[in-house]
Protein chains: 2
Amino acid sequence: MITITDVAKHAGLSRATVSRVINNRPYVSEEKKKLVRNAMDKLGYYPNSSAQRLRNQKTNIIGVLVPRLTNPFFINIIEGIEKIAAESGLQLLICQTKSDKQKELNYFTLLRTKQVDGIILTSLENDWEQFSPYVDYGPVILCNEYYENATVPMIRLNQYEGSYIGARHLIDRGHRKIGYCGGGSTSGLSKDRKRGLKKALEEAGLSLNPNWIFHKRYSIEDGRELMKEITAMEDRPTAIFTNSDEVAAGIIKESKELGLKVPDDLAVIGFDNQPIAELIEPRLTTIDQPSEEIGEKAMETMVAVLNQQKIDTNLKGLNLKLIVRDST
Amino acid sequence: MITITDVAKHAGLSRATVSRVINNRPYVSEEKKKLVRNAMDKLGYYPNSSAQRLRNQKTNIIGVLVPRLTNPFFINIIEGIEKIAAESGLQLLICQTKSDKQKELNYFTLLRTKQVDGIILTSLENDWEQFSPYVDYGPVILCNEYYENATVPMIRLNQYEGSYIGARHLIDRGHRKIGYCGGGSTSGLSKDRKRGLKKALEEAGLSLNPNWIFHKRYSIEDGRELMKEITAMEDRPTAIFTNSDEVAAGIIKESKELGLKVPDDLAVIGFDNQPIAELIEPRLTTIDQPSEEIGEKAMETMVAVLNQQKIDTNLKGLNLKLIVRDST
DNA sequence: GTGAAAGCGCTAACAC
DNA sequence: GTGTTAGCGCTTTCAC
C-alpha cells in the first residue's frame, strides 16, 4: 500500500506538506504543490480513509434507517437524503430495520462505535422513551415519523391534515361506514393519522367502528389478507382508508378475485402516491407525500447540526395533497 | 470518548488484556475477563471502529453497486447479499450508479481509499477493458451481469436459455413478428439475451427485424414511450420481448390509453417476475429470476475470496423460469 | 497469563 | 512556507 510517507519521499518533501496538499490547506507554494501532485499520480496514491477518520474523529458517513428497501416511499426519502449528502461530501449507510424493535435499537451502536457521524430515522418501532438515552451518542434526526415529546429535530409532514382531507373526501362521496387500516404505534404520525380521520368523521356526525380498525399491515399481501377479512364480516365498511398504496393495491387486487367492485362495493384510498397507484385498475385515489423533499430537509438539518448550528427541533409539517383517481 | 485505556485503568489491567477480551482471544483468565467486562459495562465502552480498521487494515464492509434502488430486482439481490453478509459479520455499503459510466468507475475509489474490503457489481455500464485495471485494488465480484472474458468471479443466470424459452413461448403462440427491447451493452447478459432470442427465431425460420430492436429502456415511463413509438410504426410487431417488468408494465399501461388490446394487438413478455407483474392487467407473462439466490451466492463467494480461498471464476449460470400469465 | 512498546496512516500544533 | 513531532485508538509481537 502506498502511504503519505511514500509520496513525501518521492517528492522530497515532508509528510506535513503532502497532507496540506491533500486537504487543500494554504501555505504551500505552487511549485511544491505540483511536486506533490506528480508524486501522487505517479505512485497512484489514495489516502487511507480509516486513518483519516481516526485522526479527524469523524467519518463523514450518515446512517439512514428505513424499515425496508422494498417500499418506494422510503426509497424516495433516501433519494432526497442522498442528493444533499452528495453536495455536502457525505456518504450514506443505509440500514433496514425490517420493522424490528431490537434491530432499530441495535443500529445505534453505529453511533457508539463511531462508524457514522449521525443517524436519520425514517420510521419508528420503539417509543421515544426507548430512544432518548441513545440520543446522547450523536446527532439523531427524525424524518417522516415523529414524537410529540422528542427532543431531536423532526422533519415531518402534516399527517393530521392529510388524513383529514382523505377522510373528508370519502365522506363527501357519501360514505358513512369507513374503515381504517393504520400503523397503531405510539408515534406522532400514527396518532395524527387516526386523529385526522376521527376529526372528519366527527364533523360528519360519524364515529370510527372499532371492528373496522386494522393495524400493522404494510405489504400487498397484507392488503389481500385484509380484504378477505373484511369480506368475511357481516357488517362491512363501504370505504377503507389505508396507510399505504401497497395495502390499497392488495385490497383492490383481492377484491377482483372475490368478485367485488372497487369503488362500488368498497371504496379504497391509499397513501403515498407510488407508481403502482397509476398502474392498478381502478387507479388509486391516494394522498401524495413529498417524500424526496423531506429527505432533503432532513439531510440539510443534519448538515446544520454537524456544523454546530442551532436549529429548531420541532419544525412545522409540510402539507399533503389528495390525488383523486378511480378507487373512490 | 471512552477508550481502551480508560477501561484498562478502570480494571487495573493493561490495554493488551482488554483488547484480548474484546476480541475473544485466548490466554486471559476468567477472573480478569470478568474485571474487564465489568469495566466496559460501567463505562459504557464501545471500541472505535476507525481505530480497529486502521490497525487491522480491513473494514469488514463490502460495497454493493446497483443501478438504482427503485428496481425491485436489485433490491432482491441486495436482500440475498445482506443475508449472507449478516451471517459473516460484514456490513454493506449500497451505492447507486444511476446507470452512469463515470459514477460506476468512481465507486472503485472505495476500494483504493480502503473504505470497503471488496465490491460486488450487479450491473455493468462499462466494458471489461475499462474495469480490468481497477480490479487489482481489491476483490471484485460480478453478480447478475457478466463478461465472457472477465477474470473475476461471476455469479450469473442462464440468460441465453431464459431468453430462448421466452421467445419460444411467443413463437408457439403463433407470433412471427417479434420485437426486442433490451440492454444493448457489451455485457454477456445483454448479448446472451439477444442471442437466445435470435436462436429461437432462427429455429422458427424467422429473423430479428432491426426496426424492432430498442435499447436502453428501463422504467415504466420508458415503456410508455416505447409503446407510442411502436404504435406510430407502419409495420408493427405483434409481440414484444422486454428486458424488465417495468418496461412491460409501461407498454401495457400505454396500450390501454391508446385503445389497443394486450395480448391481441400486441403480446408482451416481461423479465424479472416482480410484484407488479401480478398486479397489472392483463397480468404479465414474464421470466422469473432467482435474484435473491444469486445475491447470496455472490456474497458467499466474496467471503470465500476474502478468506483467500481459491474459487472458480466463471461459475455456471442458474436457470430461469417462464411464468405464463395473461399478456401473451 | 499478562504487560510494555511499537506502529497502522494520517493531521495539526509548534518551531523555524 | 516547510519540517519535526506527537498522538488519534487500537492490536500484536515479544518479553517475562
* To do: Take atom NZ of B/Lys9 as the centre, draw a 6.0 Å sphere, and report whether it contains more than 12 heavy atoms from other residues, nucleotides or ligands.
  =>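 It does not: B/Lys9 NZ has 12 such atoms or fewer within range.
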* Count the heavy atoms of every other residue, nucleotide or ligand shown that sit under 6.0 Å from NZ of A/Lys33, and state whether that count exceeds 12. =>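 Yes - once you tally the heavy atoms of other residues, nucleotides and ligands closer than 6.0 Å, there are more than 12.
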Nucleotide [N], atom [atom2] - distance to [atom1] of [X] in whole Å:
| X | N | atom1 | atom2 | value |
| --- | --- | --- | --- | --- |
| A/Met1 | C/dG9 | CE | P | 6 Å |
| A/Ile22 | C/dA12 | CD1 | P | 11 Å |
| A/Lys114 | D/dC8 | NZ | P | 15 Å |
| B/Glu30 | C/dT2 | CD | C1' | 15 Å |
| A/Asn60 | C/dC10 | CG | C1' | 14 Å |
| A/Tyr46 | C/dC10 | OH | P | 14 Å |
| A/Ile4 | C/dC8 | CD1 | P | 14 Å |
| A/Lys58 | D/dG9 | NZ | P | 16 Å |

May I ask you to verify if any side-chain N or O of [X] is less than 4.0 angstrom from the OP1 or OP2 atom of [N]?
| X | N | result |
| --- | --- | --- |
| B/Ser50 | D/dC8 | no |
| B/Tyr27 | D/dT13 | no |
| B/Ser19 | D/dT11 | yes |
| A/Asn23 | C/dT11 | yes |
| A/Lys32 | D/dT2 | yes |
| B/Gln52 | C/dC8 | no |

Out of [options], whichever nucleotide has its closest atom nearest the side chain of [X]:
| X | options | value |
| --- | --- | --- |
| B/Ala51 | D/dG9, C/dC10, C/dG3 | D/dG9 |
| B/Leu13 | C/dT2, D/dC10, C/dC10 | C/dT2 |
| B/Arg55 | C/dC10, D/dT2, C/dA6 | C/dA6 |

* **Side-chain donor/acceptor contact of A/Arg20 with base of D/dG3 under 3.5 Å** =>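 Indeed, a donor on one side and an acceptor on the other fall under 3.5 Å apart.
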* Would you call A/Glu79 and B/Lys98 a salt bridge, using N to O less than 4.0 angstrom? ->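 Here A/Glu79 pairs with B/Lys98 in a salt bridge, since their nearest N and O are under 4.0 Å apart.
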Would you mind classifying the nucleic acid contact of [X] as base, sugar-phosphate or nothing, using non-hydrogen atoms under 4.0 angstrom?
| X | value |
| --- | --- |
| B/Thr17 | sugar-phosphate |
| A/Pro26 | nothing |
| B/Arg15 | base |

* Asked: side-chain hydrogen bond (donor to acceptor under 3.5 Å, both in side chains): which pairs involve residues 43-52 of chain A, sequence neighbours left out?
  ->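 Checked against side-chain hydrogen bond (donor to acceptor under 3.5 Å, both in side chains) - neighbours excluded - no pair reaches residues 43-52 of chain A.
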* **Residue met sooner reading DNA chain C from 5', once A/Leu54 and B/Ser14 are mapped to nucleotides** =>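 The residue whose closest nucleotide sits nearer the 5' end is B/Ser14.
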* On DNA chain C, check which nucleotide each of B/Gln57 and B/Lys33 is closest to and give me the residue with the more 5' one. =>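 Comparing both residues, the 5'-ward one is B/Lys33.
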* Minimum-distance pair of heavy atoms, taken over all atoms of A/Leu142 and A/Tyr147 ->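 In this case the closest contact between A/Leu142 and A/Tyr147 is CD1-CD1, 4.0 Å.
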